[in-house]
Amino acid sequence: MPSERLKEQIEAIVSELAGTEVPVRLERPRNPEHGDVATNVAMVLAGRLGRPPREVAEAIVERLDRSQAGLASVEIAGPGFINFRFAESVFQSQLASIVEADRAFGRSSSGAGRRVMVEFVSANPTGPLHVAHGRGAAIGDAIASLLEWTGHEVAREFYINDAGVQIDRLAESLEVRWRQRQGEAAELPEGGYMGEYLVDLAAEVEAEAGDKLRAMDPGARRQWLRDWGVRRLRSEQEEDLRVFRVVFDEWYPETRIYAENRIQDTLRELGERGLTYEADGALWLRTTTFGDDKDRVLVKGDGTYTYFTPDIAYHREKARRGFDLAIDVWGADHHGYVPRMKAALAALGLPDFLEVVIVQIVRVMRGGKEVRLSKRAGEIVTLRDLFEETGVDVARYFFLMRSAEAQMVFDLDLALDHSEKNPVYKVQYAHARMKSILRKAGVEPEEADPRTADLGLLTDPMEQALIKQLALFPEVVERAADARAPHMVCEYLEATAGMVNSWYHAGNPSRNPALAVLTEDEALRRARLVLTRGVSIVLRNGLELLGLTAPERMEREDAE
RNA sequence: GCGCCCGUAGCUCAGCUGGAUAGAGCGGCGGCCUUCUAAGCCGCGGGUCAUAGGUUCGAAUCCUAUCGGGCGCACCA
């Protein structure tokens with residue numbers, strides 16, 4: 001990266017001027033007239049040195065070794081910005097390095113040596129996954145991917161809440177449905193699961209083990225239904241997620257926390273640290289010591305644990321399993337739970353171990369009206385309903401294209417639009433077009449080789465702007481990973497695709513054959529094919545990073 | 001009542017640790033098809049950045065207050 005070298009040089013100059021280390025930030029000006037990169041360091045330094053910003057800027061510029069940094073021009077502008085423009089050769093060599101890196105372009109090792117667990121979805125195994133889970137699934141998976149691209153060692157994990165009262169209710173509800181099937185007048189329990197899916201599952205139960213269940217005593221039958229229901233629903237979730245292209249390294253059951261006595265270990269450790277106490281017949285944790293609003297109950301008056309307790313033990317296990325950082329992706333309705341969980345981990349001596357990404361709610365709109373996500377004939381209820389209608393690529397992209405912390409509207413009409421109005425297709429189309437040009441040129445991608453092309457021939461402003469845009473990709477990945485913000489990659493891909501489509505159309509042979517990739521001029525054609533390949537590499541890497549496909553060609557529906 | 005998120009163009013949203021005339025997509029309006037696939041492209045219009053103060057050379061961005069929307073405030077999970 002040429003800007004890296006420049007940054008180091010400026011840092012050296014500036015720390016000499018100031019007499020101390022001064023961090024330098026190079027930014028990309030919005031306005032291209034302000035150069036390729038710019039810095040405000042002279043303004044930052046002006047106050048400290050007691051000199052006018054422009055004078056400080058002069059001093060910095062005087063000391064610069066332009067050729068060493070690959071600079072074509074440097075100017076001081078406005079209140080004291082320094083604007084830099086790189087030599088064209090710098091961008092030409094960047095295009096060459098994009099093509100050479102190919103699938104590795106955009107990857108870095110900045111996170112090397114860091115083991116991170118991303119835990120997401122973690123839906124209760126009491127029913128099918130809903131639309132809201134889909135957003136968490138897409139975002140969690142993309143964050144994990146971003147961390148992998150930046151060199152972290154990443155594990156994706158799903159925590160199965162297969163213990164606790166919600167599972168008792170599942171077992172009861174399933175039993176009621178099974179008995180109703182046999183004509184008994186059974187009523188769903190308070191807080192039972194009313195979904196129709198349990199009626200279907202009851203039919204499966206009957207087919208699989210009806211006679212056996214009738215012969216069992218009630219306790220054994222309940223236990224059997226409980227195990228069967230959890231297993232069945234869990235595997236249905238796993239299958240839905242697999243089709244949605246989200247694959248977990250581990251499905252970690254809550255019952256394992258109990259089976260391995262982790263709760264006792266955790267309570268003992270908290271007790272030894274003097275952070276628990278008994279009051280009103282319950283055992284409490286002093287979470288207020290670590291920033292929570294009130295202390296929390298660990299063991300209820302009846303001797304059972306709150307939901308919190310096994311969850312603390314589970315997060316303690318994450319650290320014990322060797323992870324340096326745990327990132328949890330939670331729904332907005334759990335945000336109030338964040339301070340207490342962080343407090344509990346701080347109590348265990350793990351103050352910075354947990355990072356929580358809160359994913360806000362999704363509203364689905366069709367025809368300008370909100371789709372009620374309750375069960376109603378023909379309306380979308382589950383994640384599977386949604387992606388079966390839109391396709392997996394579209395559903396994933398729509399979930400990812402907005403920042404997680406903002407509520408989002410899922411516009412089904414736009415999602416179902418197969419034109420380039422749909423941002424997913426816009427990006428995929430741009431990719432397919434590059435592939436189409438390569439096919440038309442009759443070359444394999446590897447034959448578009450920067451070593452046998454003169455990239456100096458790419459002098460058109462559109463081409464140069466495009467090369468600069470492609471070169472930004474690694475920085476975008478880096479920032480998106482740091483910010484746990486996959487939507488930044490979407491923004492970048494859409495902007496890139498827009499430029500690609502303009503370039504492609506400008507070179508439409510019927511309009512301006514001089515700009516066409518497949519031009520008569522053999523040398524120019526070779527150079528443009530390298531750019532074509534570079535574009536396809538960046539778009540493909542970006543799409544695949546987000547878990548989307550990069551199609552070789554787009555299906556064309558015959559227009560009427 | 002307290003806490004968290006949000007309030008930017010008609011709609012949906014970007015705006016990176018404050019930076020140079022506030023951006024994109026959709027919708028609207030006007031052009032452009034014997035195509036490296038027009039499922040498109042080019043251009044135009046459109047904003048008191050919720051409001052009021054404050055900090056700063058500089059605020060959509062930071063601070064305070066107010067208003068509006070969402071969510072959460074259990075010995076539920």
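The sequence lines fix the lettering, A, B, ..., with proteins before strands; numbering per chain opens at 1. Please read all numbers here as calculations on a predicted model, not as lab measurements.
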* Asked: Taking only residues two or more places apart in sequence or in another chain, which ones pass salt bridge (Lys or Arg N to Asp or Glu O under 4.0 Å) with A:R484?
  -> A:E355
* Structure fact -> Here the salt bridge (charged side-chain N to carboxylate O under 4.0 Å, His left out) pairs for residues 157-169 of chain A, sequence neighbours left out, are A:E157-A:R321, A:D168-A:R226
* Asked: Does A:T304 place a side-chain N or O at less than 4.0 Å from the phosphate oxygens OP1/OP2 of B:C75?
  -> no
* Side chain of A:T306, backbone of A:V297: donor and acceptor closer than 3.5 Å? -> yes
* Structure fact -> With the side chain defined as heavy atoms from C-beta on, A:A77 is closest, among B:A14, B:A20, B:C76, to B:A20
* For residues A:Y159 and A:D328, is any side-chain donor paired with an opposing acceptor at under 3.5 Å? -> no
* Output yes if the stacking criterion (under 5.5 Å between centres, under 30° between planes) is met for A:F81 over the base of B:A20, else no. => yes
* Between B:U56 and B:U61, how far apart are the P atoms? Round to whole Å, please. => 16 Å
* **Partner set under salt bridge (Lys or Arg N to Asp or Glu O under 4.0 Å) for A:E27, not counting sequence neighbours** => A:R25
* Asked: In B/S/- notation, 5' to 3', how is nucleotides 1-9 of chain B contacted by protein heavy atoms closer than 4.0 Å?
  -> --BBSS---
* Kindly say if A:S419 contacts the phosphate of B:G40, meaning a side-chain N or O under 4.0 Å from OP1 or OP2. => yes
* Does OP1 or OP2 of B:C76 have a side-chain N or O of A:K300 closer than 4.0 Å? -> yes
* Structure fact -> A:H334 atom NE2 is separated from B:G70 atom C1', nearest whole Å, by 17 Å
* Asked: If we take the P atom in both B:A74 and B:C57, what is their distance in whole Å?
  -> 46 Å
* Assign each of A:N161 and A:R296 to its nearest nucleotide of RNA chain B by heavy atoms, then name whichever residue's nucleotide is nearer the 5' end. => A:R296
Close N or O pairs between protein and nucleotides 22-29 of chain B (under 3.5 Å):
unit_1 : atom_1 : unit_2 : atom_2 : d
B:G27  : OP1    : A:K421 : NZ     : 2.7

* Return the set of residues passing ring pair (Phe, Tyr, Trp, His ring centres under 6.0 Å) with A:F410 (not counting sequence neighbours), or none when no residue passes. => A:F398, A:F399
* Distance in angstrom units between A:N83 CG and B:A20 C1', rounded -> 9 Å
Show me the side-chain donor-acceptor pairs of residues 436-449 of chain A shorter than 3.5 Å, one per line, residues at least two apart or across chains.
unit_1 : atom_1 : unit_2 : atom_2 : d
A:R439 : NH1    : A:E552 : O      : 3.1
A:E447 : OE2    : A:E444 : N      : 2.9
A:D449 : OD1    : A:R451 : N      : 2.8
A:D449 : OD1    : A:R451 : NE     : 3.2
A:D449 : OD2    : A:R451 : NE     : 3.3
A:D449 : OD2    : A:R451 : NH2    : 2.9

* Per the atom types in the model, does the base of B:G72 pair as donor or acceptor with the side chain of A:D333 at under 3.5 Å? -> no
* Asked: Roughly how many Å is it from CG in A:D168 to P in B:A77, rounded to a whole number?
  -> 10 Å
* With sequence neighbours left out, what residues match A:D411 under salt bridge (Lys or Arg N to Asp or Glu O under 4.0 Å)? -> none
* Structure fact -> Checking B:U12, B:A77, B:C75 against the side chain of A:N124 (C-beta onward), the nearest is B:A77
* To do: Considering only atom C1', compute the distance from B:G19 to B:C33 and round it to an integer number of Å.
  => 45 Å
* To do: Considering only atom P, compute the distance from B:C32 to B:A14 and round it to an integer number of Å.
  => 37 Å
* Asked: If you check the A:V409 side chain, which of B:C75, B:C13, B:A77 turns out closest?
  -> B:C13
* To do: Stems involving RNA chain B: give each as a range paired with a range, ordered by first number, where a stem means at least three consecutive Watson-Crick or G-U wobble pairs under 3.5 Å.
  => B:1-7 with B:67-73, B:10-13 with B:23-26, B:28-32 with B:40-44, B:50-54 with B:62-66
* To do: Just compare B:C41, B:A77, B:A20 and give me whichever is closest to any side-chain atom of A:Q166.
  => B:A77
* **Listed nucleotide nearest any side-chain atom of A:Y337, set B:C41, B:G19, B:A77** => B:A77
* Asked: Pick the nucleotide of RNA chain B nearest each of A:W284 and A:A516; which residue has the one closer to the 5' end?
  -> A:A516
* **Pairs meeting criterion ring-ring contact (aromatic ring centres under 6.0 Å, His included) with involvement of residues 470-504 of chain A, two or more places apart** => A:F473-A:Y492
* List for me each residue that meets ring pair (Phe, Tyr, Trp, His ring centres under 6.0 Å) alongside A:F120, sequence neighbours excluded, and say none if there are none. => A:F248
* Asked: Quick one: salt bridge (Lys or Arg N to Asp or Glu O under 4.0 Å) partners of A:R234, sequence neighbours excluded?
  -> A:E238
* To do: Tell me which nucleotide among B:G40, B:G70, B:C75 gets nearest to the side chain of A:H505.
  => B:G40
